[in-house]
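In what follows, a structure is listed as structure tokens, so that the remarks can point back to it.
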Amino acid sequence: MEPLALYIHWPFCLHKCPYCDFNSHVRERIDQRRFAAALQAELAWEAARLGRRPLGSIFFGGGTPSLMLPETVAALIASARSLFAPVPDIEITLEANPTSVEAARLAALHDAGVNRISLGVQSLRDDALRMLGRQHDSCRAIAALQTAQKIFPRVSFDLIYARPEQTLPDWRNELREALAQVSDHLSLYQLTIEPGTVFEAAHRRGEIVLPDDDAAAALYDATAEEAAKFGLLAYEVSNYARPGCESRHNLAYWRYGDYVGIGPGA
């Protein structure tokens, strides 16, 4: 049978970004043991329903799953491996932010079984990071990325473009700087205004003005052009990779493969 893709959702964050409409929540305290038990119970229920299917990928998304205790990550990976039939080269991705707290956990997350990390860098410009409500600066982002590349065989990171007042030359320069740091994969998202977010309210008041459609299209075209110069090709609308380094988990979605999701936003 076709391998499954398993998505595990950890909905907690240290801070809610103003553009984010995901199922993510800031809590002063989290009962990690209780939440991990709930994820384990849901995973077992899904496995009983689906049977011992081959398992091609695991993706820890959020929220901010790098805030999970590494032993929780290890336990969930172990359960998935025992309940399903992992392929020999299973891809196990975890999303992280380049804060000092999370960067300090990278080695432990690798030891827990994660073999691919995805860092939420979002920008290499400090003014843009402040506008986006991020909790790191560009120096911290580069340092975390370089640390991750020493630990994990596969590293990806995210950037957000089509930001207010962003020009085409500015984006090309920032993107080139980012591409010089790339291992094999990069996620490049256009900023969108989502209902119910802080940015949506600011946009309605005229405090945030995004590039118009023609300018955004030019930014999108330039994104593909610059990525291709570094050997990264688009394999879906927002993700670029060297041939053979595409995210197996992403491809499962785009090819309408079977997946199982556990957690509140899965």
Side-chain angles (χ1 to χ4, degrees), residues 5-47 57-84 92-122 129-130 132-137 140-141 143-145 147-148 151-152 155-158 160 187 194-199 249 259-266:
L6 169 62
Y7 181 85
I8 300 175
H9 183 228
W10 182 264
F12 303 112
C13 289
L14 291 175
H15 169 78
K16 183 78 170 180
C17 294
Y19 55 83
C20 178
D21 70 336
F22 292 171
N23 185 343
S24 61
H25 310 274
V26 177
R27 295 288 184 270
E28 185 175 343
R29 288 189 293 179
I30 301 165
D31 188 339
Q32 291 227 14
R33 180 177 296 182
R34 184 181 178 196
F35 204 85
L39 290 173
Q40 291 277 18
E42 190 176 5
L43 181 59
W45 185 89
E46 291 286 1
S57 65
I58 303 172
F59 194 102
F60 290 87
T64 308
S66 51
L67 297 176
M68 299 171 70
L69 294 174
E71 51 264 40
T72 299
V73 175
L76 286 164
I77 292 172
S79 292
R81 285 181 171 276
S82 66
L83 293 167
F84 297 104
I92 304 177
T93 304
L94 185 139
E95 292 180 333
N97 288 321
T99 64
S100 56
V101 171
E102 293 164 72
R105 290 187 173 185
L106 293 179
L109 291 167
H110 177 265
D111 292 343
V114 175
N115 57 26
R116 184 177 180 272
I117 203 79
S118 178
L119 285 175
V121 171
Q122 313 309 7
L129 289 169
R130 287 191 293 271
L132 293 168
R134 304 299 288 168
Q135 301 296 293
H136 60 272
D137 59 19
R140 178 68 261 171
L145 181 58
T147 298
I151 296 171
F152 295 92
V155 176
S156 180
F157 63 98
D158 300 354
I160 294 175
S187 298
E194 302 294 345
T197 62
V198 172
F199 272 9
H249 195 86
Y259 79 93
V260 57
I262 65 168

Q. Got a sec, which residues hit side chain to side chain donor-acceptor pair (under 3.5 Å) with S24, two or more places apart in sequence or on another chain?
A. K16
Q: State which residues pass side chain to side chain donor-acceptor pair (under 3.5 Å) with T93; sequence neighbours excluded, sorted by chain then number.
A: R116
**Q.** Beyond-backbone contact of R81 with I92, side-chain heavy atoms, under 4.5 angstrom
**A.** yes
Q.
According to side chain to side chain donor-acceptor pair (under 3.5 Å), who are the partners of H15, at least two apart in sequence or on a separate chain?
A. none
Q: For residues A266 and G261, report the shortest heavy-atom separation together with the two atoms involved.
A: CB-C, 3.4 Å
Q. What pairs of residues pass the salt bridge (charged side-chain N to carboxylate O under 4.0 Å, His left out) test when at least one of them lies in residues 37-46, not counting sequence neighbours?
A. E46-R49
Q) With sequence neighbours left out, what residues match F12 under side chain to side chain contact (heavy atoms under 4.5 Å, CB included)? A) W10, R27, I30, F35
Q.
For the backbone of N23 and the side chain of H9, can you confirm whether one donor and one acceptor N or O come within less than 3.5 Å of each other?
A. yes
**Q.** Atom pair CZ/CD of F157 and E95 - distance to nearest 0.5 Å
**A.** 15.0 Å
Q.
Return the CG to OG distance between L119 and S156, rounded to the nearest 0.5 Å.
A. 8.5 Å
Q. P18: what forms a side chain to side chain contact (heavy atoms under 4.5 Å, CB included) with it, not counting sequence neighbours?
A. V198, F199
Q: Measure the spacing between OG of S118 and CG of D158 and express it to the nearest 0.5 Å.
A: 4.5 Å
**Q.** Straight-line distance of L6 CG to H249 NE2, nearest 0.5 Å
**A.** 7.5 Å
Q) Once you round to the nearest 0.5 Å, how far does CD of Q135 lie from CZ of R140? A) 13.5 Å
(Q) Applying side chain to side chain contact (heavy atoms under 4.5 Å, CB included), can you list everything that pairs with R34, at least two apart in sequence or on another chain? (A) D31
Donor-acceptor pairs are to be reported for all side-chain atoms of residues 71-80 against protein atoms at under 3.5 Å, with residues two or more places apart or in another chain.
| unit_1 | atom_1 | unit_2 | atom_2 | d |
| --- | --- | --- | --- | --- |
| S79 | OG | Q40 | OE1 | 2.6 |
| S79 | OG | Q40 | NE2 | 3.3 |
| S79 | OG | A75 | O | 3.1 |

Q. About how many Å separate CG of L94 and CG of N115, when rounded to the nearest 0.5 Å?
A. 11.0 Å
(Q) Could you work out, with ring-ring contact (aromatic ring centres under 6.0 Å, His included) as the rule, every residue matching F22, not counting sequence neighbours? (A) none
Q) P98 and A141: which non-hydrogen atoms are nearest, and at how many Å? A) CB-CA, 3.8 Å
Q. Looking at residues at least two apart in the chain, or sitting in another chain, which of them share a side chain to side chain donor-acceptor pair (under 3.5 Å) with E194?
A. T192
Q.
Apply side-chain contact (heavy atoms from CB on, under 4.5 Å) to residues T64 and L14 and explain how you reach the verdict.
A. CA-CA 8 Å; T64 308; L14 291 175; over 6 Å; no
Which donor-acceptor pairs under 3.5 Å do the side chains of residues 101-111 make with protein atoms, sequence neighbours left out?
| unit_1 | atom_1 | unit_2 | atom_2 | d |
| --- | --- | --- | --- | --- |
| E102 | OE1 | S66 | OG | 2.4 |
| E102 | OE1 | N97 | N | 2.8 |
| E102 | OE2 | T99 | OG1 | 2.9 |
| R105 | NH1 | S66 | O | 3.3 |
| R105 | NH1 | L67 | O | 2.8 |
| R105 | NH1 | M68 | O | 3.0 |

